[in-house]
Structures are given as C-alpha cells and as structure tokens.
Amino acid sequence: MNKRVLMASALTLALVVSPLSGMSLGVSAEEGEPVTVASVSGDEMGATQLPVPADLKWGNNYAIQFTGFNESLDAIYGTSYWDIEVYKDGELYDQTVLADSYDGEHSLPYSAHINESGTYKFRVRARAAYEDKAYTDSEWSEWSAERTYVRPERELGVTVAYWDTERAGEYHYVSVENASGYWTELYRVEPSGELFGLGAVGGYVRDSFRDAGGQLMDRSFAYDISNYWGEGRYCITIMALSNDIDEIANGSVGPMSDVLDTTANAEKLGSVLESAADRSAAEARDLLTGSADISAIQMAMQTNDSFRGQIKSLEEKYAAEQGITLKAPLVSAQAQQYVDSSQVQVVGAGLNAAQGSDMGLQLDVTPEANRVPTHNDYQKNVQLDIRLVSNSQEVHELAVPVSVTMPIPRGLRASQLIILHYHENGTIERTAFHDNGNGTITFTVTGFSTFVFAEESAADTSEDKRPGNSSGQNAGGSGYMTSLESRIASAAPGATVKVTRDQNINTLPNSVMQQLVRRGDVALEMEYTYEGMDYRILIPAGMAVDDTTPWYGPLYLAAYFSCDGGVDNGTASVYIVQRGDTLSKIAGAHNTTVARLAVKNPQIKNVNRIMPGQIIVVE
C-alpha cells in the first residue's frame with residue numbers, strides 16, 4: 001500500500017513512502033471504514049465542517065476526478081488539500097494528498113500508479129488548513145464507481161536511469177518504444193541505508209508520443225536537489241508510461257540507479273582546495289576548475305555552506321594576490337524599493353576578475369521597455385537586472401560560479417517563490433535557491449542577466465504554462481505539443497512541418513526539438529507574433545539543437561533560426577552559419593556588406609558574434 005502527497009503543480013513534490021524504505025504505515029481498515037490520514041486541522045471547537053466532495057468519477061486513462069470546494073486555504077501556501085484513498089479489490093491500496101489552489105473541478109492523473117489487475121474505487125475528503133480554527137475536515141465522500149483493470153499481456157519495456165558522471169544532478173535513460181512519457185522517482189538514502197521516497201520531484205516527464213525507442217535521453221534533478229533537499233545521497237528509478245493502460249500496460253519500474261553523493265562532491269572539491277593550500281590562489285582556482293564541471297562546482301556551492309565558505313576564503317586570497325578590489329554590491333535606488341542593499345552578499349565574483357581590476361555586483365529594476373513577458377500565473381513578479389561588473393564592463397562568462405544572498409523581494413512570499421533566469425540568448429532557466437529562514441535567499445549561478453522573482457500558483461500543472469510565452473497559450477498545451485511531436489515523427493523524409501501564426505505558438509519544449517534531432521530529415525517552420533513583431537523561423541532538417549535546454553523561447557528561436565526577423569514574401573535566401581564563419585566573410589561571399597546583413601537580420605545583436613547553425617538572410 002502506498003502513501004503519497006501530490007501537489008498539482010509544475011513543481012510537483014510527491015512524497016512517497018516507498019516499500020523500499022522498510023517503513024510501516026501501521027494502518028488497517030475494513031472496507032468502508034475511514035482510514036485516518038494525519039490531520040492538519042486545528043481546534044474543532046465551533047468550527048465549520050468543509051463540504052463533502054462530490055461527482056467522483058474515473059476520467060480518461062484512469063484519471064481521478066471530482067468536484068469540491070475548500071474554503072480553508074492554507075495561509076502560507078495559498079493551497080487547499082484533498083485526502084484521496086484508493087481501494088483495490090476491497091482493500092486499501094493507496095493514500096494520496098492532492099494539493100491545489102482550484103475550487104470546483106479537480107483531476108489527478110493516476111494511470112502511472114495502476115499496474116496491477118483488480119477492481120479499483122476511490123473516495124475523497126476536503127482537508128482543513130494547518131491550524132485553521134474556522135474549518136475542519138469534511139466527511140469522506142461516497143465511493144466512486146468501481147473500475148476494473150485487467151493488465152494486458154502487452155506491456156512497455158523497461159529502462160534504467162543513471163546519473164551523469166560529470167554534470168551533477170543530470171541523469172540519462174534510453175527511451176522505450178511506444179512510451180508516451182516517463183515517471184521518475186527520486187529517493188534520498190538515509191544514513192541507515194534506508195530509502196526515503198521524495199517522489200516524482202519534477203515528476204511526470206513527457207517524452208515524444210509513440211517514440212520509436214532506443215534514444216538516449218537527458219534529464220536533470222539538479223534544481224530539485226539544490227532547491228529542496230540539499231546535500232545528501234540520492235538515487236532514482238524510472239518507469240515508462242503508456243498513453244492507454246487498457247491497450248498496453250506501463251513498463252515495470254527499472255532497477256534502482258547508482259547513488260549520487262552530493263556530499264562527496266562537495267568534500268571532493270573541498271579537498272582539492274585543501275591540497276592547494278600552499279599554492280597561489282590562482283593555481284588553486286585553476287586546479288578547482290580543472291577538476292570538475294562548472295555545474296558540479298555550482299551544486300556544491302549551492303548545497304554546502306562549508307564549501308561555499310572555502311570559495312569565499314579563496315576569493316579573498318585571490319583578490320589580495322591579484323590586486324583585485326572587491327566592491328560592495330550596488331543596488332540602485334529603484335531596486336532598493338524591493339531589496340535592502342545591506343543584506344546583499346556575493347561569494348565567488350572576485351575569482352572571475354582580471355588582475356588589477358575591480359569587481360562588484362549591481363542590481364537594478366529591469367526597465368519597462370526591457371521587461372520579459374511572463375505567463376499569467378507569474379503576474380506578481382519583480383524583474384531585476386543583476387550584473388557582474390568589472391572596470392565598468394559587464395562580465396558574462398564565468399570561470400567559477402557565483403553565489404548571491406539577498407532578501408526576498410518585498411511583496412513576494414517565500415513559500416511560493418520561483419526564480420526564472422532569462423539568458424541573453426533567449427533561453428530561460430529555473431534557478432534553484434535556498435530559503436535561509438531569515439527573509440533572505442541564496443542562489444548560485446554561472447551567468448547573469450535578467451532575473452524574474454515571482455510567485456507561482458501551486459495548481460499550475462499544464463505544460464504550456466511556461467515562461468517565454470507572451471500570450472500564455474500554447475494552442476492546446478501539452479496535447480498540442482504531443483501532436484506536433486507526432487507530426488514530426490510521422491512526416492515523410494524531406495518534409496517541412498508547419499506551425500501557423502493562428503496556433504499562437506512561440507516556444508518549443510525540448511521534447512519537440514529532440515524529435516527533430518531524432519528524425520534528422522524533417523524541417524520545422526513556425527510563424528508567430530511576439531511583442532508586436534511577426535516572425536517566421538525555419539529549423540532546417542538536421543539543424544535542430546541537441547542539448548538539454550528545457551524550453552526554447554521566442555527570442556532564442558528568432559536569434560538562431562529566423563528567416564528574416566519578420567515576415568517576408570517567402571522568397572528570401574538564407575544561409576546557415578558554419579563553424580569558422582564571420583559576418584564579414586559571409587557578406588563578402590554574397591556580395592553585400594556587414595551593415596546590410598545586420599539590417600536584414602535584427603536577431604543578430606552583436607555583429608562580431610554569430611553561432612554555427614544560426615540562420616541569416618543574405619538576400
């Protein structure tokens with residue numbers, strides 16, 4: 001029997017008491033008797049009982065659906081809770097807590113947890129918020145209708161997750177034929193050796209629908225480990241999911257992965273610095289950066305206070321040896337409306353400074369004209385331009401990560417805080433941070449630009465609600481993206497799959513880009529409007545980006561794949577930048593000038609910097 005807490009959120013924290021943990025829940029019940037889940041309701045004297053959930057039914061592919069209103073919203077999280085019990089063949093099978101901020105209709109995808117033949121039913125109750133004196137838990141609802149599942153003989157294959165040996169927190173697996181997605185579980189290894197299930201942190205991983213299988217996939221738990229659990233020992237399991245478990249069963253859970261020991265990572269890097277104690281700070285820095293990937297150093301700085309302290313000591317020694325002036329963080333008058341400058345601290349900045357220079361962090365409110373678009377769920381946000389400045393010049397490429405400690409911007413709650421890092425190339429990254437419990441947060445980055453500090457709705461589960469989509473729509477969300485992947489997968493060799501402007505798509509998830517990578521012989525053409533400008537981009541066959549960027553925003557697509565930076569009559573000639581090309585070289589080969597190319601290609605922000613694979617208009 002399972003016991004979980006599911007948050008209906010893009011930031012799902014599904015706490016699973018795993019059978020592997022050896023823990024006993026100590027519950028037993030006859031069918032029909034309430035099974036008590038630890039209540040979080042407050043004093044029941046004079047309190048109003050919440051209304052009983054109703055309209056229980058099984059949805060498509062065994063989704064749990066019901067109607068309910070919970071007026072007891074958690075004052076901290078702005079979230080309501082629902083206890084769900086699932087019975088199989090008359091016995092308790094699963095206990096789940098659904099957390100969301102919706103009232104009315106609720107739906108919980110559940111097919112990932114139905115892997116045994118049997119007759120299933122469920123019931124629900126509304127749970128009162130912690131220490132709520134006004135409300136108490138509702139009574140249990142009536143039972144849903146029973147639904148019998150007969151596991152088909154045909155089932156998906158098994159895959160195994162394994163940690164990347166260089167990039168901390170990243171893991172890999174080989175895709176399974178016909179899988180529509182994957183369910184990954186993250187476990188923390190306790191000192192006793194027992195496993196504590198942290199659940200599907202990051203949860204449901206959508207992969208290409210009806211994948212041919214055999215492709216090496218890359219995912220990451222680095223954010224979740226850094227942001228929620230800190231240093232420790234972790235392992236994962238993965239299971240291939242079926243789009244229709246009545247037709248083909250989910251795959252079996254693969255073997256447990258090897259252990260990722262973030263403590264050992266920090267200790268290893270710390271020992272590198274200790275071994276270089278008698279050397280110059282410059283030699284120690286080079287020894288550190290040469291011994292690990294920058295992401296491993298970043299995770300160690302983010303999760304280990306002791307290692308971050310070692311970096312601070314090295315920075316001070318390096319600054320003294322190199323004649324570097326470490327300037328106090330400069331917070332503009334406008335930014336001080338949100339951030340108290342006296343509470344801003346920086347670690348590691350000086351290790352990225354040139355000899356004899358000064359180095360400091362600068363924070364300013366993003367000018368209105370440069371504010372990045374955010375999804376409707378992030379309307380309550382503060383946008384800050386955070387820059388690392390040396391001798392009045394911004395430093396973009398870092399040799400050593402930099403940790404920033406700063407107050408949570410005024411008006412935002414720590415419990416719902418999310419930090420989005422908008423890079424100059426148009427990509428967006430969710431930044432892990434640690435809540436220090438004193439009104440400040442610490443986050444570690446490998447670059448600076450615009451950061452959006454926002455409150456996130458706990459009920460945002462749709463895959464189309466991602467930053468970078470100015471309209472807040474994705475033409476049907478994950479369903480449309482699945483359809484787009486399917487169209488690419490089934491397209492004839494040499495075909496061009498088209499996305500029209502009325503479909504309102506201006507971002508692409510990694511799964512779509514990876515489908516283009518896998519095909520190699522199919523192109524994608526998109527037309528979209530972004531901030532009042534019309535774009536037409538073309539990703540030629542064989543030129544898709546093969547990396548782990550989760551979402552490619554409209555500016556990224558325009559920068560690297562734009563046919564003209566705007567709509568043309570379809571006759572423009574384009575050139576794909578090759579390694580070693582310069583804009584001057586391309587201009588000479590096409591009898592034009594750099595200035596003319598710059599005018600035709602407004603997506604080129606720096607005429608001295610173009611990238612292989614980038615598409616530019618030459619006529």
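From a predicted model like this one, the values you see are computed outputs, not experimental measurements. One is the number of the first residue; the rest follow in order along the sequence.
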**Q** Are a donor atom and an acceptor atom from the side chains of Asn250 and Ser242 found within less than 3.5 Å of each other?
**A**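 No, no side-chain donor-acceptor pair sits under 3.5 Å.
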**Q** Within 45 degrees of the axis of the six-membered ring of Tyr62 and under 6.0 Å from its centre: does Arg147 put its NZ or CZ there?
**A** yes
**Q** Does the pair Leu557 and Met526 meet the rule for a side-chain contact (heavy atoms from CB on, under 4.5 Å), with working shown?
**A** CA-CA 9 Å; Leu557 294 172; Met526 292 174 58; 4.2 Å; yes
**Q** Find out whether Phe122 and Trp143 are in side-chain contact, i.e. whether some heavy atom of one side chain is under 4.5 Å from a heavy atom of the other.
**A**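 In short, these two side chains do not touch, never coming nearer than 4.5 Å.
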**Q** Decide yes or no on side-chain contact (heavy atoms from CB on, under 4.5 Å) for Leu508 and Ile539, but give the supporting numbers first.
**A** CA-CA 12 Å; Leu508 286 181; Ile539 303 179; 4.1 Å; yes
**Q** Tell me, do Leu269 and Ser291 make a side-chain contact under 4.5 Å, heavy atoms counted?
**A**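 Yes, side chains in contact.
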**Q** Within the structure provided, determine whether Met239 and Ser252 are in side-chain contact (heavy-atom separation under 4.5 Å).
**A** no
**Q** Counting only heavy atoms not in Asn60 (residues, nucleotides, ligands), do more than 12 fall under 6.0 Å from its CG?
**A**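 No - once you tally the heavy atoms of other residues, nucleotides and ligands closer than 6.0 Å, there are 12 at most.
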**Q** State, yes or no, whether a side-chain contact exists between Phe66 and Ser141 at a heavy-atom distance under 4.5 Å.
**A** no
**Q** What class does the angle between the rings of Trp163 and Tyr171 fall in, given that below 30° is parallel, 30 to 60° is tilted and above 60° is perpendicular?
**A**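 Aromatic pair Trp163/Tyr171 classed perpendicular.
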**Q** From Glu85 CD over to Arg125 CZ, what is the distance, rounded to the nearest 0.5 angstrom?
**A**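 Glu85 CD to Arg125 CZ: 7.0 Å, rounded to 0.5 Å.
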**Q** Where do Ile84 and Leu108 land on the side-chain contact (heavy atoms from CB on, under 4.5 Å) test, with the steps shown first?
**A** CA-CA 10 Å; Ile84 300 174; Leu108 173 65; 4.0 Å; yes
**Q** Hey, would you say the Tyr234 and Tyr187 ring centroids sit under 6.0 Å apart?
**A**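 No; Tyr187 has its ring centre 6.0 Å or more from that of Tyr234.
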**Q** Taking Gln298 for its side chain and Thr444 for its backbone only, find out whether a donor-acceptor pair lies under 3.5 Å.
**A** yes
**Q** Could you grab the distance from atom CG of Leu156 to atom CG of Leu241, nearest 0.5 Å is fine?
**A**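 Answer for the CG-CG pair, Leu156 versus Leu241, is 8.0 Å.
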**Q** Between Tyr87 and Tyr93, is the gap from one ring center to the other below 6.0 Å?
**A**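 Centroid distance Tyr87-Tyr93: not below 6.0 Å, so no.
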**Q** Thr119 side chain to Asp89 main-chain N or O, any donor-acceptor pair under 3.5 Å?
**A** no
**Q** Which one of Ser180, Pro109, Ser111 satisfies the side-chain contact (heavy atoms from CB on, under 4.5 Å) criterion with Asn61?
**A** Ser111
**Q** With rounding to the nearest 0.5 angstrom, report the CD1 to OG distance, Ile238 to Ser257.
**A**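 Spacing of CD1 (Ile238) from OG (Ser257) equals 10.5 Å.
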**Q** Taking only Lys NZ, Arg NE, NH1 and NH2, and the carboxylate oxygens of Asp or Glu, determine whether Glu116 and Lys88 approach each other closer than 4.0 Å.
**A**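 Counted as a salt bridge, because a side-chain N and a carboxylate O are separated by less than 4.0 Å.
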**Q** Would you indicate whether the side-chain heavy atoms of Thr96 and Asp83 approach each other to under 4.5 Å?
**A**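 No; the side chains remain at least 4.5 Å from each other.
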**Q** Measuring from atom CG of Leu260 to atom CD1 of Ile236, what distance do you get when rounded to the nearest 0.5 angstrom?
**A**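 Answer for the CG-CD1 pair, Leu260 versus Ile236, is 8.5 Å.
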**Q** Please work out whether the ring planes of Tyr110 and His113 are parallel, tilted or perpendicular, with thresholds of 30° and 60°.
**A**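 Tilted, since the angle between the ring planes falls between 30° and 60°.
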**Q** Just verifying a value: how many Å separate Asn243 CG and Ile245 CD1, rounded to the nearest 0.5 Å?
**A**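 With rounding to 0.5 Å, CG (Asn243) is 11.0 Å from CD1 (Ile245).
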**Q** Going by heavy atoms in the side chains, are Val499 and Leu524 under 4.5 Å from each other?
**A**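 The answer is yes; the side chains approach within 4.5 Å.
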**Q** Would you say the side chain of Arg519 lies within less than 4.5 Å of the side chain of Leu516, judging by non-hydrogen atoms?
**A**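 Sidechains of Arg519 and Leu516: no contact.
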**Q** Could you give the distance from CG (Asp94) to OH (Tyr120), rounded to the nearest 0.5 Å?
**A** 9.5 Å
**Q** Using only heavy-atom distances, determine whether the side chains of Thr67 and His106 contain a donor-acceptor pair under 3.5 Å.
**A**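 No - no donor-acceptor pair under 3.5 Å links their side chains.
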**Q** Is it true that a side-chain atom of Tyr182 and a backbone atom of Val176 form a donor plus acceptor pair closer than 3.5 Å?
**A**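 Pair found, side chain donor or acceptor close to backbone of Val176.
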**Q** Passes side-chain contact (heavy atoms from CB on, under 4.5 Å), Tyr173 versus Val160? Steps please.
**A** CA-CA 6 Å; Tyr173 61 92; Val160 180; over 6 Å; no
**Q** To check you understand the geometry: which heavy-atom pair defines the closest contact between Ser107 and Ala63, and what is its length?
**A** OG-CB, 4.0 Å
**Q** Hey, are the side chains of Phe451 and Leu420 touching, using non-hydrogen atoms and a 4.5 Å cut-off?
**A**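 Answer no - side chains too far apart.
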**Q** Strictly by modelled atom types, are Asp293 and Ser295 linked by a side-chain donor-acceptor pair under 3.5 Å?
**A** yes
**Q** So does Arg536 pair up with Glu525, basic N to acidic O under 4.0 Å?
**A** yes
